[in-house]
S.K.: 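Take this structure first; my questions come after.
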Amino acid sequence: MGPLGRAFSDLAAQLAALGGTRLELFGLEARDAGERLLGRLAALLAAAVFLLLALLVATLALALYFWPTEYRFLALGLLALLYAALGAGLACWLVRRLRQDPDPFAVTAEVLREDARALAGTAEPAVRGGDPAVRPAASSAPQDDPIPEDVP
């Protein structure tokens, strides 16, 4: 295999590694989105149960309205109010969280945009938050000065 064949082989290996890394990132984001979805579904189920219990207790309170007992109405009314407050609170929390959640796979999309810019040669890769795994590769020349981010 000549130099051109090795260059294509190296390019194919790098593209495969790049694709594998992007697929791993996509998988992590998919798992995170799935966990958030399951949490929201559990909250929705709990809200539905509490609202159903509130309806049941309110119906029983109305049915027992004509049954003469001294504190039965107060107890049933407080239970209905408690269940309704719990259900409404969970439903409001769920709606607020759904509105505030980030777009699914936003990190993967941003990394793919950075890859496209880097391949087009229009921009240098961004360093995010000083994360050493995201830093661009250092040049092969030794550096005497420490990187400012690494100095305590």
S.K.: Linking I/L/V/M/F/W/Y whenever any side-chain heavy atoms sit under 4.5 Å apart, do Leu44 and Trp93 land together?
M.R.: yes
S.K.: Let me check something: do Leu81 and Leu86 share a hydrophobic cluster, defined by ILVMFWY side-chain heavy atoms less than 4.5 Å apart, either directly or through other members?
M.R.: no
S.K.: What is the minimum heavy-atom distance between Glu29 and Val107, and which atoms define it?
M.R.: OE2-N, 3.2 Å
S.K.: Specify the closest pair of heavy atoms between Gly87 and Ala47, including all atoms of both residues, with the distance to one decimal.
M.R.: O-CB, 3.7 Å
S.K.: Using the side-chain contact (heavy atoms from CB on, under 4.5 Å) rule, take Leu41 and Leu45 through it: C-alpha gap first, then chi angles, then the decisive distance, then the call.
M.R.: CA-CA 6 Å; Leu41 287 176; Leu45 179 64; over 6 Å; no
S.K.: May I ask you to test the Gln14-Leu18 pair for a side-chain heavy-atom distance under 4.5 Å?
M.R.: no
S.K.: Rounded to the nearest 0.5 Å, how far does CG of Leu28 lie from CG of Leu23?
M.R.: 11.0 Å
S.K.: Evaluate the side-chain proximity of Leu82 to Leu78: yes if any heavy-atom separation is below 4.5 Å, no if none is.
M.R.: no
S.K.: Which heavy atom of Ala84 sits nearest a heavy atom of Ala54, and at what distance?
M.R.: N-CB, 3.6 Å
S.K.: How close do Asp101 and Arg40 get, counting heavy atoms only, and between which atoms?
M.R.: OD1-NH2, 3.0 Å
S.K.: Can you find a heavy atom in the side chain of Leu51 that is under 4.5 Å from one in the side chain of Tyr83?
M.R.: no
S.K.: Can you give me the closest heavy-atom contact between Ala43 and Leu94, atom names plus distance?
M.R.: CB-CD1, 4.4 Å
S.K.: Which distance, rounded to the nearest 0.5 Å, do you find between the CD of Glu24 and the CZ of Arg22?
M.R.: 10.0 Å
S.K.: Go through Asp32 and Arg36 one step at a time and tell me if the salt bridge (Lys or Arg N to Asp or Glu O under 4.0 Å) criterion holds.
M.R.: CA-CA 6 Å; Asp32 186 44; Arg36 278 196 316 268; 2.7 Å; yes
